[in-house]
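Excluded from the calculations below are hydrogen atoms, water molecules and symmetry mates; all remaining heavy atoms, backbone and side chain alike, are included.
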Amino acid sequence: MRLRALLDTEALGLRLLGGEDELDRTVRGVMTTDLRDPSRYLSGGELVLTGLAWRRDASDSEPFVRILAGAGVAGLAAGEAELGDIPADLVEACLQHRLPLFAVHETVAFATITEHVVRQVSGERAGDLAAVVDRHRRLMTSGPAGGGPEVVLDLLTSDLDLRAWVLSPTGRQIAGAGAPLPGALGAALAGRHLAATRTGRRGPHRAAVAGTTYSLFPIRNTGRGAVPAARDVRESVLSDWLLAVEADASDWPAARLDLLQGVTQLIAVERDRRDAARTVRRRLAQEVLELVQAGAAPAEIAARLRVAAPVLLPGLGAAPQWQVVVARVDWTATDTPGPGGVPGDIAGGPAAQALLEEILVDPAVSGPDSADRIAVAHTGEEAIALVPLPAVPAPLPDTVGGPTDTAAGAAETAAAPEGGEPPAAQDPALHADALLAAVREPLSAGLADDGRLTLGVSAAVHSAEGLRGALEEARHARRVAAARPGRVCAAGHHELASHVLLLPFVPDDVRRAFTARLLDPLRDYDRRHRAELIETLEAFLDCDGSWTRCAARLHLHVNTLRYRVGRIEQLTGRDLSRLEDKLDFFLALRMS
């Protein structure tokens, strides 16, 4: 029963003195004590009744409450018969330790409260145990082979009144009973689960989101791809599913917890079966990538793609376009084991493969079979995906411009309105930022402070000849993403045509020397004279060297601007009328 229910029972005569936010705690029993230290008799979840005989002065309250809070009691009820009003020091101590405090009217016997609580708790446990026995029998006969995870979740809802969902590590709903879980809520629960798992705490994990409490049970991969229990938790944290139950399992009896653990085991068996179905797609990706990296003839690669297309896009008449996505998970090496882990480097290839298969699933599609169009292989620390795209319509006859070598380019030519971008609904190509938008929050929690996920996306190509270039393009884009700050980063092919591609790979000492040589004289002069030379230089370059536009932006007379630019040239020995010197200043400002 909940503490809140005690207040709703008028016959108990309880008055709440503090702890309004903790009234959803569950009471598992009741204990009456006037001992100064009753901890040896407490197991957690009790409503403690006391007549305050242990209190001699105000200094006794805080130690007594600290002991109760440390033992995990649900609440404290103090009788008014001995002292009249409850002492303020006891109220303050309970507020400090977030322990709900009730006052018991002098006319109400502790035996009345004890009898009420025992009757309620015993009745609930009896119902639970009866349900557990029946559930085990039915789960054994109606498991995954009889309809998948949904059958098990339906039993939890119909017979135990528990709403539950199976979620991927990114929060995508794989199975559920009843109404679907909103995407944002699923992502938040997955993030809480991953963060708790990284701390080494054993499940189930408690999570309160938007005023509702959930219990999160890990679903360990028990199949051929499973990580041995003795290995580092980081090897599996980003690939394990979880079971989210709308309830607080912290006060459940052992029998009910055992039942939920059995549910997770049944779902794990189902997951292994689904993972086995991915083996064909993974093998196809591996074979194609080996041919591409070995420099095989385009005709041989094209033949293998024709074999892969019906498997990945069943029923598609035209040959698809292809994109390549490269992902990598890197962990910081440790000299000592983390929670449940081992020292040393952590293999990132399998984790990157599982994550990439998850990330490439259409977020609008639920269910474990929604990754049918994804073929991912992993080589070393890299995961590489071959993603087929539907054929793009041919350009309109009156389209201005020549043919394009990429599907993305064809899509833009065919679908873009004049002077605008192509409608997103008509562009099937993957975009780097969009891939990570919905998964950045939960994955960042799983990566914590020692992991990174970086991802690169190529342009779409329509022939075997283009796959080798697409693979290198995706790898370059991933390296650009790796040079950025953040735990989860992505870059696309469009970013490779900019100076931004070059800057991240300049060594730090070269950056510092280059920027110091050009900008330090200006900064020193600005500090001494407040001349705003750096600001003037930035504005001058932004205005493409236009004297009139730059002067107008800075609200200066043109002669004053000329004086400042002359001072910049004098201090640096450069000439801002020369393109080379303008470019050097531009790069120095970007790298500073």
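- Within 6.0 Å of CZ on Arg202 lie no more than 12 heavy atoms contributed by other residues, nucleotides or ligands.
- Side-chain N or O atoms of Arg452 include none that pairs as donor or acceptor with a backbone N or O of Asp330 at under 3.5 Å.
- Judged by distance alone, with hydrogens and angles left aside, the side-chain atoms of Gln323 form a donor-acceptor pair with the main-chain N or O of Leu430 at under 3.5 Å.
- For the atom pair CG (Leu243) and CG (Leu189), the distance works out to 11.0 Å, reported to the nearest 0.5 Å.
- A donor and an acceptor atom, one from each side chain of Ser577 and Asp575, are located under 3.5 Å apart.
- Side-chain atoms of Asp450 and Arg198, non-hydrogen and from C-beta on, do get closer than 4.5 Å to each other.
- Checked by atom type and distance alone, the side chain of Glu441 never pairs as donor or acceptor with a backbone atom of Ala188 at under 3.5 Å.
- A heavy-atom distance below 4.5 Å is found between the side chains of Leu360 and Leu435.
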* To do: Any chance you could lay out the side-chain contact (heavy atoms from CB on, under 4.5 Å) test for Ile568 and Tyr525, step after step, and finish with the verdict?
  => CA-CA 10 Å; Ile568 292 171; Tyr525 192 87; over 6 Å; no
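- Put simply, CG on Leu471 and NE2 on His476 are 10.0 Å apart, with the number rounded to the nearest 0.5 Å.
- The shortest side-chain heavy-atom distance between Glu569 and Leu576 falls under the 4.5 Å cut-off.
- Contact check for Thr332 versus Asp449: no side-chain heavy atoms found under the 4.5 Å cut-off.
- Contact check for Arg282 versus Glu357: side-chain heavy atoms found under the 4.5 Å cut-off.
- We find the CG-CG distance between Leu467 and Leu386 to be 6.5 Å, quoted to the nearest 0.5 Å.
- A donor-acceptor pair under 3.5 Å is formed between the side chain of His557 and the backbone N or O of Asn559.
- Judged by distance alone, the side chain of Arg553 and the main-chain N or O of Phe540 form no donor-acceptor pair under 3.5 Å.
- Atom-to-atom distance recorded for Ser215:OG and Glu246:CD is 10.5 Å, nearest 0.5 angstrom.
- Contact check for Leu216 versus Thr197: no side-chain heavy atoms found under the 4.5 Å cut-off.
- Rounding to the nearest 0.5 Å places CG of Leu447 at 5.0 Å from CG of Leu238.
- With hydrogens and angles disregarded, no donor-acceptor distance shorter than 3.5 Å links the side chain of Arg487 to the backbone of Ser444.
- At a cut-off of 3.5 Å, with distance as the only test, a side-chain donor of Glu358 or Ser168 sits close to an acceptor on the other residue.
- Looking at Val326 and Glu382, their side chains come closer than 4.5 Å, going by heavy atoms from C-beta outward.
- There is a side-chain donor-acceptor pair under 3.5 Å between Thr454 and Arg478.
- The pair Asp526-Arg523 does not meet the salt-bridge criterion, since no charged nitrogen lies less than 4.0 angstrom from a carboxylate oxygen.
- Note that the CZ atom of Phe217 and the CG atom of Leu242 stand 11.0 Å from one another [nearest 0.5 Å].
- Arg283 and Gln286 share no side-chain donor-acceptor pair at under 3.5 Å.
- No donor-acceptor pair closer than 3.5 Å links the side chain of Arg328 to the backbone N or O of Leu453.
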* Run the side-chain contact (heavy atoms from CB on, under 4.5 Å) check on Tyr214 and Val245 step by step: do they pass? -> CA-CA 5 Å; Tyr214 299 86; Val245 181; over 6 Å; no
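- In this structure, Phe585 and Glu538 have side chains that are not in contact, with every pair of non-hydrogen atoms separated by 4.5 Å or more.
- Looking at Thr515, its side chain does come within 3.5 Å of a backbone N or O of Arg512 through a donor-acceptor pair.
- A salt bridge links Arg304 with Glu287: the closest approach of a Lys/Arg side-chain nitrogen to an acidic carboxylate oxygen falls below 4.0 angstrom.
- Note on Arg98 versus Asp21: no salt bridge recorded, every NZ/NE/NH1/NH2 to OD/OE distance being 4.0 Å or above.
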